Amino acid sequence: MQLGGEILSIGPGVKAAHAGYSVLFDTASIWIAPLAGPQKAGRLDAELKQDPPL
């Protein structure tokens, strides 16, 4: 991702945080990596319906 895209991605999160919402910032690979196991096991749909770990 180029710098312009990063700013576009971070901006809404910063605005949400300023509005009092809880936000998490990380790279896409960090969010996607834990889903590889459930996908291989055929449990991806169930995994995606769970609340995210905090």
Side-chain angles (χ1 to χ4, degrees):
M1 182 181 290
Q2 296 177 345
L3 180 59
E6 291 172 359
I7 291 171
L8 291 175
S9 299
I10 294 171
V14 171
K15 191 166 186 171
H18 283 265
Y21 290 94
S22 176
V23 298
L24 298 172
F25 293 95
D26 218 326
T27 62
S29 60
I30 296 298
W31 286 95
I32 299 298
L35 299 175
Q39 182 183 23
K40 288 179 184 177
R43 298 182 285 109
L44 184 58
D45 287 339
E47 185 73 20
L48 291 174
K49 290 178 183 176
Q50 294 181 6
D51 289 332
L54 297 178

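All figures in this text were calculated on a predicted structure; none of them were measured in a lab.
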Test side-chain contact (heavy atoms from CB on, under 4.5 Å) applied to Ala16 - qualifying residues, sequence neighbours left out
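With sequence neighbours excluded, Ala16 shows a side-chain contact (heavy atoms from CB on, under 4.5 Å) to Tyr21, Val23, given in chain and number order.
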side-chain contact (heavy atoms from CB on, under 4.5 Å) partners for Glu47, two or more places apart:
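Counting only residues at least two positions away or on another chain, Glu47 forms a side-chain contact (heavy atoms from CB on, under 4.5 Å) with Leu35, Pro38, Arg43, Gln50.
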Exercise: identify the closest heavy-atom pair between Leu24 and Trp31:
CD1-CH2, 3.6 Å
